[in-house]
Number of protein chains: 2
Amino acid sequence: MSTDALTPDRILEATEEVLRRYGPAKATVVDVARALGVSHGSVYRHFRTKAALREAVTERWLERAVRELAPFADGPGPAAERLTAWLSALFAAKRRKAGADPELFATYMVLIGESSRVVAEHVDHLVGQLARIVEDGHRQGEFAAPVTDATTTARAVFDATDRFHDPAHVADWSEPDIDAAFDAVVALLLRGLRA
Amino acid sequence: MSTDALTPDRILEATEEVLRRYGPAKATVVDVARALGVSHGSVYRHFRTKAALREAVTERWLERAVRELAPFADGPGPAAERLTAWLSALFAAKRRKAGADPELFATYMVLIGESSRVVAEHVDHLVGQLARIVEDGHRQGEFAAPVTDATTTARAVFDATDRFHDPAHVADWSEPDIDAAFDAVVALLLRGLRA
DNA sequence: CTGCTGACAGATATTGAAATCTGTCAGCAG
DNA sequence: CTGCTGACAGATTTCAATATCTGTCAGCAG
């Protein structure tokens, strides 16, 4: 295994594994190097700081999440249905990840708190996907004439559903009424878009 | 000062002062007793545990916040304007408190995290105020015929504006675009209500 | 009798010395 | 020449001894 060249990708893989095993507080660069069978100096050859390494891991993770959602944004069908499906998929994915492995989810919550730049870009990507749906809705006459540009509207939809995708609200996602609350918010937003 | 009878109110006052001075991590029951010039055993005569004492402080603080908003819920005028005014007042009050004394705000964020029951009741009160506005809107024909009961709709409005009143998002409130984001969400919600 | 005190046991927090980690770099191996 | 190593300085974390706090209660003062 350690006969292969030491690439950024191999380091990121090892870093994810170390984070999964030890958590964000205990995971060290030395651990990552040990997992790869190299000295920690070699890791610093590919990532200037520990923060940069963790940021890269976060970026990869968020990119995967964005890719999972793309089909819902670009698929066929009426914009309202795609919007509902996209928001539901986002909510479901977050809940699934939080529920399946709470410790790993908590780990990524810590990483997310560390790299605001990467998170802001991630949010921009998601809002971009939403904006494509909103634009289609306008074009097909399904949504009322735009009162602002699609990105602003998309951002409003994203903000309004914050409670259902922001990891800060993870504790709320296991409450019994949460699905009803989600449906009520989405219904209200759709009425606003169609108005 | 210490010749007066030791009442729950005096203890709460002293506890707020101690919390303000030392913060939530360092404030002890012994500190509160010292501020009152009594032994800490006397404090336990009025509050069974330290948690109960802190919860009572939180409750008082949240009650004050609810009272500040009541005029906007019960005032005259069109429901849409009252709704906007109420939401703006809530957002403005939160931002003002967070900005004026970040440490005290952080203190109350910690307390809020400790007493979920009290917070749930607080949210119910706020949603109740919103529901009164929504009901008026329906009655006056300003809002479309109700699709669910007013409380559900009010809760959806509250949830959708979460980013602008939940202390978890305090860091966002100083971003330059936050007012535009708030206006966009409120506008979208109002269109949904009128639809 | 009523309300407060202060000592106490167990739980929690603080502290500072020792261990570990981060980030650098001179030098070695292939 | 290229990529890796391992020793190093300063920063951060750990750990266990020490101190403080929480919650109780027998007893005292008015």
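The figures that follow rest on heavy atoms only: side chains count, while hydrogens, waters and symmetry mates do not. Throughout, protein chains are lettered first and strands after them, A, B, ... in sequence-line order, and every chain is numbered starting at 1.
- Listed by first then second residue, pairs satisfying side-chain hydrogen bond (donor to acceptor under 3.5 Å, both in side chains) with a partner in residues 180-190 of chain B number zero, not counting sequence neighbours.
- Look at S42(B) and you'll find a side-chain N or O under 4.0 angstrom from OP1 or OP2 of dT5(C).
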What one-letter contact string describes nucleotides 21-30 of chain D from 5' to 3', where B marks a base within less than 4.0 Å of any protein heavy atom, S marks contact via sugar-phosphate atoms alone, and - marks no contact?
SBBB------
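- Residues in residues 25-37 of chain B take part in these side-chain hydrogen bond (donor to acceptor under 3.5 Å, both in side chains) pairs, two or more places apart or across chains: T28(B)-D31(B), D31(B)-R34(B).
- Scanning for side-chain contact (heavy atoms from CB on, under 4.5 Å) contacts around A180(B) gives an empty result, with sequence neighbours left out.
- Note on residues 107-161 of chain A: pairs passing ring pair (Phe, Tyr, Trp, His ring centres under 6.0 Å), not counting sequence neighbours, are W61(A)-Y108(A), F158(A)-H165(A).
- For DNA chain C, the stems formed by at least three consecutive Watson-Crick or G-U pairs, with both atom-pair distances below 3.5 Å, span C:1-30 with D:1-30.
- Regarding R54(A), its CZ atom lies at a distance of 14 Å from the P atom of dC21(C), rounded to whole Å.
- Remark: R132(B) engages A73(B), D74(B), Q129(B) in a side-chain contact (heavy atoms from CB on, under 4.5 Å) (not counting sequence neighbours).
- A side-chain donor-acceptor contact under 3.5 Å links E142(B) to the backbone of A80(B).
- Contact annotation: S39(A) reaches the phosphate of dT5(D) (side-chain N/O to OP1 or OP2, under 4.0 Å).
- For D166(B), the side-chain contact (heavy atoms from CB on, under 4.5 Å) partners at least two apart in sequence or on another chain are H169(A), D162(B), A168(B), H169(B).
- The ring pair (Phe, Tyr, Trp, His ring centres under 6.0 Å) analysis of residues 25-50 of chain A, with sequence neighbours excluded, yields no pairs.
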